[in-house]
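Just below is one structure, and these are the notes that go with it.
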Amino acid sequence: LAKTTQPISMDSYEGQEVNITCSHNNIATNDYITWYQQFPSQGPRFIIQGYKTKVTNEVASLFIPADRKSSTLSLPRVSLSDTAVYYCLVGDIFNRDDKIIFGKGTRLHILP
Amino acid sequence: ETGVTQTPRHLVMGMTNKKSLKCEQHLGHNAMYWYKQSAKKPLELMFVYSLEERVENNSVPSRFSPECPNSSHLFLHLHTLQPEDSALYLCASSQEVGNEQFFGPGTRLTVL
């Protein structure tokens, strides 16, 4: 089970691009990287998932270097509503015996 | 509409009460999960079911008893709870264990 390390909190301003980096030094060959977003008193919501290089969807981009020991979630032009906790998870999504655990996440606070 | 519903949304109970939390998913998924989230703490995985079979039990006290009668429904039966059990209880489902999880809105439980 690959352990992840993220900054506890970050502040940014509306309209800025925000990059949240997650470290996972012992990531395994079959592990994928998944990011979730959670607003207060709500369940987490899937944002993006990737294995290597770059993945982009309508919400975010995920950058994964060649060694896969870290990943960066990029949120373009954030707004106040992007204030939330962001979780980085690493695990083998095709192995039902692999526990994919939520860590403490990064508390992102967007300022006007 | 997340496709995962939970009832009740709020529950207040005494330590001697017996109550049940209900989760229903309308996504045709095979895996369902119970999580506990206490104030300012990470999500704690409690139970995982795959095709009505419990595949994960993370050392949860016996006062929490899960039940999965079919792949669309998941219950968490509560009895003789403690005040420290007060938390947000989240249900999630995924196509298979390890895949992207879809979370319900949660049940806010207060134990007096």
Side-chain angles (χ1 to χ4, degrees), chain A residues 1-9 20 22 27-51 55 57-60 62 73 83-109, chain B residues 1-6 9-10 21 23 25 27 29-60 74 86-110:
Chain A
L1 176 66
K3 181 181 177 181
T4 60
T5 303
Q6 306 174 233
I8 294 175
S9 64
I20 306 174
C22 178
I27 189 170
T29 302
N30 294 331
D31 287 346
Y32 280 70
I33 301 154
T34 310
W35 286 80
Y36 284 81
Q37 173 192 58
Q38 185 180 25
F39 298 114
S41 297
Q42 294 185 26
R45 183 175 69 104
F46 173 93
I47 301 176
I48 198 165
Q49 184 178 76
Y51 182 82
V55 180
N57 62 23
E58 64 278 6
V59 176
L62 179 59
L73 175 72
T83 294
V85 178
Y86 292 81
Y87 297 95
C88 167
L89 287 72
V90 172
D92 184 349
I93 63 174
F94 300 108
N95 180 0
R96 58 177 259 173
D97 294 323
D98 192 10
K99 302 179 189 180
I100 299 181
I101 304 296
F102 283 81
K104 296 182 179 179
T106 297
R107 191 169 297 274
L108 176 65
H109 187 204
Chain B
E1 173 59 56
T2 64
V4 180
T5 58
Q6 290 186 244
R9 295 293 307 277
H10 300 271
L21 309 185
C23 176
Q25 57 99 358
L27 302 168
H29 288 166
N30 293 322
M32 296 188 78
Y33 311 75
W34 277 118
Y35 288 88
K36 173 186 177 183
Q37 188 169 39
S38 304
K40 301 292 177 71
K41 289 186 177 180
L43 284 160
E44 300 174 47
L45 180 63
M46 300 175 73
F47 301 104
V48 181
Y49 276 83
S50 175
L51 295 171
E52 302 107 67
E53 175 188 348
R54 190 188 311 178
V55 296
E56 186 71 41
N57 179 347
N58 273 354
S59 302
V60 179
L74 186 64
S86 299
L88 180 67
Y89 288 83
L90 290 158
C91 173
S93 73
S94 62
Q95 186 60 54
E96 305 292 345
V97 174
N99 292 167
E100 172 190 350
Q101 294 180 39
F102 293 79
F103 283 80
T107 295
R108 174 70 61 190
L109 173 67
T110 302

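Note on naming: letters A, B, ... go to the chains in the order of the sequence lines (proteins, then strands), and numbering restarts at 1 for each one. Predicted, not measured: the structure shown is a model, and the values here were computed from it.
Heavy atoms of Leu43(B) lying under 4.5 Å from chain A belong to its backbone as well as its side chain.
When side chains are defined from C-beta on, Phe102(A) does not count as touching Pro42(B), because their heavy atoms never get closer than 4.5 Å.
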Distance-only donor-acceptor pairs under 3.5 Å across chain A and chain B:
unit_1: Tyr36(A); atom_1: OH; unit_2: Gln101(B); atom_2: N; d: 2.8
unit_1: Gln38(A); atom_1: OE1; unit_2: Gln37(B); atom_2: NE2; d: 3.1
unit_1: Gln38(A); atom_1: NE2; unit_2: Gln37(B); atom_2: OE1; d: 2.7
unit_1: Ser41(A); atom_1: OG; unit_2: Arg108(B); atom_2: NH2; d: 3.2
unit_1: Tyr87(A); atom_1: OH; unit_2: Gln37(B); atom_2: NE2; d: 3.4
unit_1: Ile93(A); atom_1: O; unit_2: Asn99(B); atom_2: ND2; d: 3.1

